[in-house]
Amino acid sequence: MAVAGTSWGRYPRARQDIVPLHWRDAPLPTVDGSMLAYGNGRSYGDVCLNDGGTLLHTRGLDRYLAFDPVSGVLRCEAGALFADILDFVVPRGWFLPVTPGTRFVSVGGAIANDVHGKNHHGAGTFGEHLLRFELLRSDGTRIECSPTKNVDLYTATIAGLGLTGLVVWAEFRLLRIAGPWMTQETRRFASLGEFFALSAQSERDYAYTVAWIDCAASGGAFGRGLFFRANHAPATTAARASRQRRLVVPFTPPFSLINSFSLRAFNELYFRRAREGHAIVCYEPYFYPLDAVGEWNRIYGPRGFLQYQCVVPSAAAEAAVSELLKRIAAAGSGSFLAVLKVFGDRPPAGILSFARAGTTLALDFPNHGAATFSLLDRLDDIVAAAGGAVYPAKDARLSGTRFRQYFPRWQQMLAHIDPKFSSGFWRRVME
Amino acid sequence: MKRVLIIGATSAIAEATARIFAARGDALFLVARNAERLQAIKADLDVRGAVRTAIATLDVADFTAHRAIVDRAERELGGLDTVLIAHGTLSDQRECEGSIDALRREFDVNALSTMAILTMLANTFETRKAGMLAVISSVAGDRGRQSNYAYAATKAAVTAFLSGLRQRLAKSGVDVLTIKPGFVDTPMTANIANKGALWAKPDMVAAGIVRAIDKRRSVVYLPWFWAPIMLVIKHIPESIFKKLKL
C-alpha cells in the first residue's frame, strides 16, 4: 500500500510502499519498481524519497553488534540513531567522531550523505571514520566493504545517497572525551572579512568552529554574525548545566511564521542579545540547539521549506559568499537559520562527497513557490561560477546540469549503483 | 541484578523491555523460535550491559518442550526473579471464523501455552515465596469485538487466568502482573498510514512494563489512557454494543 511520506523539508511530497526492516539476516523484499533505504527522514529534500517505488524503513535495525570500550570501536545496525548512540557512549567516555546539527539521523543516513559537522577542518566527514560496513545488494549478495576490501564499493557507498544497496551494519571509531561538557567561546563579528580572520585563527586550537550569520542585514550591518568555537572540556570540569529541555511545535500553522519582518526582528535581537565570551555547556545544546524544538520544520507552514547549502572554494569564498548574501537579502527571503563554516582541505571520503576545501553556507527558505525556486537558481549561478557545489542531502530542486557540474565524478558512481535502487533525487538529476 | 526469563523475546515489545533490563545490568534468558534473531538480540544486550545473556529456541506450541526450557533457564541463571511472557500471534479473525483448526492453534499459542508455562512457574515460585510473573495480555481481552473476537477470547482467557493466579500467589509473596497494551507502532503496523494519538512506540510500552514490574503492580494498561477507554467500552450495554461497528 502506498503511503505519503515526507522528508524534513516537507517538500516534495511522495507516495511509496513502505517495507519495514527488522532483522539483519533477512533478505531484501521482492518489489516491483525500485527501492531505497529510509532511516529517520532527516535529509531535507528527496534523497530519502522514492515516489512510486518502495522505501525500506531501517529504524527497526537499531541493534549493536559489538563495542570495544578500550579502543572505542562501535559496530551497529544502520538504522540506529546518533541520539541513541550518544546516550550509550557519552557516559562511557566516548563521542561521535563527526556529527551533523541534529542527532536524530541514522547511521545509514550519515553514511549515505557522508555528513560533516563543526569539526570538519580537523576530523573531516563521517565517512572518514568508517572502518567497514556490510552492503546487501538486490541480487542477495552481502558485501563487506572497508578501506582495504571492496574499496570501489566502499567509496561509492559513502555519500552514495543510498543507491548502492542497503547498508545493514557499520563499524566506526569513536572519539575519546573526558565528559559531556564543552568549553565554548562566542565572538561577534562585524563583517565577512572578520569572519574569515576569526575562522583562520581558530582552526588550530578549536576542534569545533561555526558561525551564525545575519542574512537579513544590509548596509553597515552586512556580513555581521556570531562566531562559536569550542572544544570538549577536560576532565576537571565541574558539572553545571542540565540536559536540554524539549519543546515541540504542536501543529503546522496555516502559513509560514517566517517572513521578512519576523526575520529582521529576530536576527536583530539574536545578534544584540548574544553574550560574548566563554561558557561551559553540555554537548546537547552545543551541537543540537534545534533538537530542543521537536518538529521545528512545521514553522514554515504546510508548503514546507527548502534548505540551500552550498560550498565555494577558498580562493573565491569571500566574494562568492558576499554575493550570495546580497542576493538573498535583496530577495527579502532567507531565514534565521543561516550558518557559515570553513571546511578543511581533505581528500573526499566518497565519490559524491559534498564537503570540500572552501566555505559552506546553509540556510532555509520558506517555500513560496516559483519565486523561491528562481532565487535558488540564481544562487546556483553564483555557486557554479565560483566552482562550488550544493549538498544533495539538503536539496529538492537542483537541475541535472548543475548536479553534474558540482559533482564531476558522478559517472564513476554508475557502475556501482544497484539496479533495483533509486531515489527521487537521483531520477531528477539524471534526467 | 535481577535474573529475568523472557518468552517471546524477539517481539518488538519484549526486545525493548530487555534493553532496559540489560542497561541495568540484569542477567537474561531469552526464548523464541528463531535462533539467528535471538543471537542478534543477545549481541545487542551484551553490549548494552547485560551481565549475562543466554538464549534458547522454543516453539511454544510444543508443550512437551516447556519443562526443559524453564529448567534450563533456572540452571543457567541460578534461579529466576522475574519472568516476562510476551509471545503471541495476532490472529486472523476471518481464518478463525472458517477453520476450527486455526481457532484451536490461536488458543494453543496465545492462551494455553502461556497458562502451561505459568502453571509450572507458579509452583516453583510459590514454594520459593518470591518472584514476579509478568504477562502481556491485551486491551482486546477486555471485550470481544466482531473484528477480532478470536484473538480477544485468547487474551480474555489469559487475563482471567492471571487474575485467579494472582489471588492464589498473593499469600506467598509472588507478584503476578497483567500487561494490557493498546495499539503499538511496531514494524508489523508500518503500513497503517495515519496512526492517531492512540498509537504508542514499543520503547514507551517497555518503559511502562518495567515501571509496573518495579512497583509490583497487578494490572497495567499501556499507555495509561487505555484504562478509561476500556472502562467505557466494557460498560456499553450489549443491546447497544451489538449494533456498533467497532
Side-chain angles (χ1 to χ4, degrees), chain A residues 1-6 13-27 29 31 38 40-41 54-69 72-81 83-85 87-89 91-92 94 134 142 168-169 171 174 248 250-251, chain B residues 6 8-25 28 30 32-51 53 55 57 86 90 183-197 199-207:
Chain A
M1 186 184 67
V3 299
T6 57
R13 305 273 166 155
R15 291 189 72 81
Q16 46 246 317
D17 290 319
I18 307 296
V19 177
L21 305 181
H22 208 62
W23 303 102
R24 63 173 173 266
D25 61 325
V31 300
Y38 177 99
N40 209 34
T54 298
L55 286 184
L56 309 171
H57 273 209
T58 63
R59 285 287 293 117
L61 294 172
D62 68 342
R63 297 177 195 88
Y64 298 116
L65 284 81
F67 173 61
D68 181 347
V73 171
L74 179 72
R75 195 181 334 148
C76 64
E77 292 175 349
L81 294 188
D84 294 333
I85 293 173
D87 285 345
F88 175 69
V89 302
R92 291 165 169 81
W94 295 96
E134 182 183 85
R142 290 174 186 265
V168 179
W169 55 260
E171 184 176 275
L174 298 166
V248 176
F251 60 92
Chain B
I6 302 181
T10 52
S11 90
I13 293 175
E15 185 178 3
T17 310
R19 287 181 181 183
I20 300 174
F21 289 133
R24 290 175 170 193
L28 298 154
L30 311 177
R33 271 181 300 182
N34 186 306
E36 272 104 56
R37 292 174 178 185
L38 279 171
Q39 199 61 53
I41 293 174
K42 171 185 156 53
D44 176 68
L45 298 177
D46 284 342
V47 170
R48 286 173 195 271
V51 65
T53 314
I55 56 176
T57 53
L90 193 58
F183 300 137
V184 186
D185 182 10
T186 62
M188 197 172 66
T189 55
N191 264 326
I192 297 173
N194 290 313
K195 296 195 172 73
W199 286 78
K201 296 274 179 204
D203 49 353
M204 286 166 57
V205 173

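Please read all numbers here as calculations on a predicted model, not as lab measurements. A note on names: the letters A, B, ... follow the listed sequences, proteins ahead of strands, and every chain is numbered from 1.
Of all residues spanning residues 35-46 of chain B, those with a heavy atom less than 4.5 Å away from chain A's heavy atoms are B:Glu36, B:Arg37, B:Ala40, B:Ile41, B:Ala43, B:Asp44, arranged by number.
Residues A:Gln16 and A:Thr54 fail the side-chain proximity criterion, which asks for heavy atoms closer than 4.5 Å. Here the side chains of B:Glu15 and B:Thr10 are not in contact, with every heavy-atom distance at 4.5 Å or above.
Taking the six-membered ring where tryptophan is involved, the planes of B:Phe183 and B:Trp199 are essentially parallel, since the angle between them stays under 30° and well short of 60°.
The salt bridge (charged side-chain N to carboxylate O under 4.0 Å, His left out) check on A:Glu171 picks up A:Arg75, A:Arg132, with sequence neighbours excluded. With sequence neighbours left out, the side chain to side chain contact (heavy atoms under 4.5 Å, CB included) criterion links B:Arg33 to B:Asp59. By the salt bridge (charged side-chain N to carboxylate O under 4.0 Å, His left out) test, B:Arg24 pairs with B:Asp214, sequence neighbours left out.
With a 4.5 angstrom heavy-atom cutoff, A:Arg59 does not touch chain B via any of its atoms. At a 4.5 Å heavy-atom cutoff, the contact between B:Arg48 and chain A is made by backbone and side-chain atoms alike. Both the backbone and the side chain of A:Phe67 have a heavy atom closer than 4.5 Å to some heavy atom of chain B.
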Q | Pair B:Arg19-A:Asp62, salt bridge (Lys or Arg N to Asp or Glu O under 4.0 Å): steps then yes or no | A | CA-CA 12 Å; B:Arg19 287 181 181 183; A:Asp62 68 342; 2.7 Å; yes
